[in-house]
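Below is one structure; the comments refer to it alone.
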Amino acid sequence: VSGRWVIISSDRAKRPQPGPLGGCSQQSEACPFCAGNEQETPPEVLAYREQTGGPDGPGWSVRVVPNKYPAVITVSGTAHPEKLYESRPGVGAHEVVIESPEHAVSMALLEDRQVAAVLHAYRDRILDLGKDERWRHVLVYKNEGREAGATLDHVHSQLIALPEIPETVVNEIASARRHYESSGRCLFCKILEHETTEGKRTVDASERFSALCPYAPRFPYETWIVPKTHSAFFERCTEQEYSELAAFLRRILTRLIVLFGKLSFNYVIHSAPHRDGAQGYYHWHIEIMPKLAQAAGFEWGSGSFINPVAPEEAARVLRSAL
Ligand SMILES: [Zn+2]
Ligand SMILES: [Zn+2]
Ligand SMILES: [Zn+2]
């Protein structure tokens with residue numbers, strides 16, 4: 001009725017559940033993501049090791065493994081076709097990026113070069129999954145903290161490669177294209193230019209990146225990181241850009257943590273589909289969504305959001321946090 005796709009994934013119900021108090025329940029002996037417990041995860045698809053060490057053993061700095069409880073599966077898939085409805089097999093690739101061999105619980109607490117290695121892992125997996133003809137898009141996202149949907153505390157992010165471009169990205173690309181066709185300019189580049197001049201919603205800037213609260217944010221303190229130079233693809237950043245982005249991303253997360261203490265948040269990386277021609281008018285970015293308010297009846301019923309904090313106020317507070 002709504003035109004919305006839903007992934008039915010019964011295996012997800014078998015995921016480890018948070019402890020009875022909903023707090024941090026894993027110790028490092030019991031944590032499948034800690035170094036030394038590599039056998040607790042499916043075999044790795046990527047790992048960075050300084051010393052020569054075999055796969056699925058310790059000595060790594062960042063490790064990527066298939067999700068043990070995937071929302072979508074690579075090999076086959078079952079659809080349950082019924083005449084009235086539209087359905088497809090739930091195929092895709094669902095991976096977990098383990099961001100540290102130690103039991104760190106927040107990305108903001110990692111060193112800059114460790115975060116840079118995580119960004120490299122995103123790039124390497126996007127490029128590798130992009131070779132598979134079946135996938136049209138790879139979505140990188142992070143759930144940090146229980147309220148953001150994390151079931152394990154150990155710092156990690158995830159990526160999902162899908163045969164379809166996610167609806168949010170399709171919509172962003174469509175409006176970016178409309179804007180490009182009518183004005184000949186990238187909408188994101190234009191927004192950046194406008195926000196830099198206005199200054200009301202800008203949070204921080206480095207040489208190559210800008211952070212701002214968007215004009216119509218869904219959530220309190222929602223913050224976007226946007227590269228200053230036009231680029232549609234996150235995976236095409238230079239080494240220098242990844243290093244700078246790592247430090248910049250950490251600084252933005254630190255601003256939020258200074259303000260709110262331990263904070264649950266999600267972020268997503270929106271990047272152009274690898275086989276799409278959106279290069280000229282789509283502009284990759286990171287959307288950081290702190291979990292300070294819950295979506296409730298109005299949001300679910302209307303598809304719109306009530307945000308109690310104006311973006312100008314959020315930006316002002318974030319600017320003064322450090
Ligand atoms: Zn751990
Ligand atoms: Zn642009
Ligand atoms: Zn976006």
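Not measured: the values here are computed from a predicted model. Both counts, for ligands and for their atoms, begin at 1 and track the order of listing.
- Counting just the N/O/S atoms of E287, the one with the shortest distance to the Zn ion (ligand 3) is named OE2.
- An angle of 110° is found at the Zn ion (ligand 2) between H283 atom ND1 and C186 atom SG, rounded to 10°.
- Residue-level check: among N/O/S atoms of H230, ND1 sits closest to the Zn ion (ligand 2).
- The ND1 atom of H154, the Zn ion (ligand 1) and the ND1 atom of H103 define an angle of 110° (nearest 10 degrees).
- Put simply, the side chain of R250 gets close to the backbone of A108: a donor and an acceptor are under 3.5 Å apart.
- The N, O or S atom of H270 lying closest to the Zn ion (ligand 3) is ND1.
- H94 contributes no side-chain N or O that, together with a main-chain N or O of G92, makes up a donor-acceptor pair within less than 3.5 Å.
- Remark: of the listed residues W284, Y282, F209, W284 is the sole one forming a ring-ring contact (aromatic ring centres under 6.0 Å, His included) with F234.
- Here the straight-line distance linking atom OH of Y281 with atom CD of E181 works out to 7.5 Å at 0.5 Å rounding.
- Ion pairing between K142 and E99 holds under the 4.0 Å rule for side-chain N and carboxylate O.
- When the Zn ion (ligand 3) is compared with the N/O/S atoms of E172, atom OE2 turns out nearest.
- Angle SG (C31) to the Zn ion (ligand 1) to SG (C34): 120°, rounded to 10°.
- Atoms CG and CD1, on L318 and I252 in that order, are 7.5 Å from each other to the nearest 0.5 Å.
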